[in-house]
Each structure stands twice: as C-alpha cells, then as structure tokens.
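A quick write-up on the structure given underneath.
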Amino acid sequence: MADPVVIATWPFGRLAVETALRALQAGNSALEAALAGAQAVEDDPAVRSVGLGGLGNALGTVSLDACIMDGRTLQCGAVAGVENIRHVAALAKLVADKTPHVFLVGEGAKWFALQNGFSLEPLFTPESIAEWAQKRPKVKDPAATPIMPAPTAADSHDTVTVLVRDAAGHLGGVCTTSGLAYKLPGRVGDSPIIGAGLYVDDEAGAAGSTGVGEEIIRIGAAMLMTEAMRQGKSAQEACDLAVQRVHAFAARRGVHPARVAFIAIDPKGNPAASCTERTEFQYAVARGNAIELRQAKPFAPKM
Ligand code: SD4
C-alpha cells in the first residue's frame, strides 16, 4: 500500500483535496473521493466558476459541464449545458452508473437528473449576479445578439479538476465547471469531454485540464497526456508535452498560446502540473496527510 495522492486545480483545489482525502480515509474509492472533492467546490458559492455561484453565459444563464472517469474500469460519464442542477459531477457519475451512454446534454441531462431525485435550484447568488453585471463585456447595441469576445480565460474562469490515486494504486478523476464566463449560449468547452478535460486509466495515469477549452479540445489534451504516460513519460513530462502542443498549434495558427494549465498523476503516483505563460496556475496536492498549494512554473518550449 502506498500513500494516497490527490491533485486539484487552482487555489480552491485545496478544499477539493482536503475533502477527497477525508473521503479516502472513510473508505471510499478513488473516484468517489474525487467526486466528494469536486462537489465541495460545486457547493462553495464563493467560487465563481463551478456549481453554485458560477458566472453566467452571455445571457446570464449559469450552464454547467462535468465529467468523471474511473481508472480501474474505464467507466466514464459526462453532462454538458445543464441549467439549475448544482451537482453535475454526481450527475455525470450517474450517467456512467445507470445508462449505457457516456454523455447527456441540455434538457435531456436535466430530465435524467429529475428522474433520479436531483432538484432544480437557482445557481446564481446576489454576489454572482453583481459580478456578472459588473464585468460583463460591453456591447454597443444592447438589442443585438450577445457576442462573446474571443475566449481568453482572462476572467479567471476556472474549472476544478480533481485526480485521485488511492492507496491500492487505483485512479479516479472528476472535472466540473460553469465554463468560460459570458460564453455564447450552447457553447461547451473541454471540461465534460473525455480525452480533453479528463482521462483516467489505471494502466497509464490520470490527466486533466483547465483554461481556454477551445485550445484544450484542439490538442486532445487529457488523452495526449495519458498516452504519453502510457509510453513511459512522467507526469511532469506529460503536462509539459501538452503545453508544448498548445504552443506548436498556436504558432501554426499565428496566434498567441492561450491560457491553459494541465495536471497529471503518473502510474508511479507522481503528481505534476504545467501551464502556459500568463496563466499563474496554482494547484493543490496531497500526499499521505500533507497538503500543500503549489505554483506551476510556466513551461516555455523552445520552438
Ligand atoms: C472551459 N476549461 O469551459 C473551461 C474553463 C476553465 O479555467 O477551466 N477555465 O473552457
């Protein structure tokens, strides 16, 4: 038996890591622990980018995306574009547990939630509405269709991705978010996409993403990292590879690399992270009982 390892994105990842660790100590599986950690962040109204209190899209509607993956069985589930349901990560797990499908979206996902005892609730708070209104990109003609500015994640609209390795070496991962603030209605980022926002395989490792989802999808980030670890790369090398790929694809497209960050746990149980410049990525790590907040050093590949 080895020490459990938990890693989660952003400073609020500390709450996720602490909660996941307690869940492991209570005998839960790696996936259940990751879910408990993610749900604690969904429940925190002060986090403006996940669950309750998340900032709305261009119309002000809070629309949530999430996915889960079990490294032992490769069971995975996802939901996207879900309104008025707070615990979308648990809903994604239910898709995996109770249906033959992997991914439910929008009204169908909401219907499935209601059928399974979830209740509808408003996801905005007075504070989140005020922040949405204050930071809202200004449009010249208020009657015009809302236009979202090019995604930059400058709003620090941050996903919580939680990766867990339990003492027996099994892996589980969860990703949950309200996505980029002011996104176009209907827009879905990387977070609920298995292989982009999350991928977990006991035999290869666990990997997750945060940042501008469009660029993360473009490189197939979580699958890229997991496959690199399957070929023997360390978690750090896998995360750096994903950043390098973002740079390479940005160069081909003649744009500046977007703000993105990646986390991973390799099969040896090493946690790591990497990010593009200007991302200022902090993440939380637990090893055994020790929990710390770390700052990722931006990786600037030589091109
Ligand atoms: C998205 N990746 O919807 C999410 C947002 C995020 O840090 O993680 N921002 O594109």
Side-chain angles (χ1 to χ4, degrees), residues 7-13 16 38 41-42 44 47-51 53-58 61-68 78-83 88-89 92 103 105-106 123 128 131-132 135 148-163 173-199 207-225 239 242-243 245-246 249-250 257-264 273-284 295-296 298:
I7 182 167
T9 51
W10 304 108
F12 50 66
V41 182
E42 287 175 340
D44 185 345
V47 177
R48 291 279 184 274
S49 46
V50 180
L55 288 190
N57 63 19
T61 308
V62 182
S63 169
L64 305 182
D65 306 328
C67 71
I68 64 99
V79 293
V82 184
E83 297 170 10
V88 279
F103 206 159
V105 303
L123 295 176
S128 72
E131 187 174 329
W132 180 88
K135 295 189 180 164
M148 197 197 91
T152 62
D155 304 295
S156 306
H157 211 243
D158 307 330
T159 297
V160 69
T161 304
V162 190
L163 307 176
V174 172
C175 185
T176 179
T177 190
S178 50
L180 289 182
Y182 312 107
K183 60 192 176 185
L184 278 182
R187 178 268 187 192
V188 174
D190 61 299
S191 304
I193 298 179
I194 299 294
L198 182 73
Y199 200 83
S209 316
T210 181
V212 179
E214 283 70 9
E215 304 313 313
I216 295 166
I217 293 171
R218 206 182 309 284
I219 68 158
M223 182 60 96
L224 176 71
M225 291 186 274
C239 291
V243 173
R245 191 64 60 88
V246 169
F249 281 18
R259 290 187 194 185
V260 290
F262 303 105
I263 58 172
S274 195
C275 62
T276 52
E277 281 167 0
R278 304 177 302 133
T279 305
E280 285 164 33
F281 180 54
Q282 284 189 312
Y283 61 103
Q295 176 94 34

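Source: prediction; values computed, not measured. Both ligands and their constituent atoms are indexed starting at 1 by order of listing.
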Worksheet item: Looking at side-chain heavy atoms only, is the closest gap between Phe281 and Trp10 below 4.5 Å?
Response: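 A side-chain contact under 4.5 Å exists here.
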
Discussion item. Within the 4.5 Å heavy-atom criterion, are Val41 and Thr176 side-chain neighbours or not?
Written reply: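 A side-chain contact is absent here, since even the closest heavy-atom pair is not under 4.5 Å.
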
Worksheet item: Is Arg187 near ligand 1, meaning one of its heavy atoms is under 4.0 Å from it?
Response: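 So Arg187 counts as touching ligand 1.
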
Worksheet item: Do any nitrogen or oxygen atoms of Ile216 lie less than 3.5 angstrom from nitrogen or oxygen atoms of ligand 1?
Response: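 In fact, backbone or side chain, Ile216 has no N or O that close.
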
Worksheet item: Taking both backbone and side-chain atoms of Gly211, is any N or O found less than 3.5 Å from an N or O belonging to ligand 1?
Response: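 N/O-N/O distance under 3.5 Å: yes.
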
Fill in: The one among Thr159, Ile217, Thr177, Asp158 that brings a heavy atom closest to atom 8 (O) of ligand 1
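The option holding the nearest heavy atom is Thr159.
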
Taking all non-hydrogen atoms of both residues, which atom of [X] and which atom of [Y] are closest, and how far apart?
X	Y	value
Ser209	Met225	OG-CE, 4.1 Å
Thr161	Cys175	OG1-SG, 3.4 Å
Phe12	Asp158	CZ-O, 3.5 Å

Any atoms of ligand 1 less than 4.0 Å from a non-hydrogen atom of [X]? List them with their elements.
X	value
Asp190	1 (C), 2 (N), 4 (C), 10 (O)
Ser191	2 (N), 4 (C)
Thr210	6 (C), 7 (O), 8 (O), 9 (N)

Worksheet entry | Cationic N near anionic O, under 4.0 Å, Arg218 to Glu214 |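 Result for this pair is no, no salt bridge flagged.
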
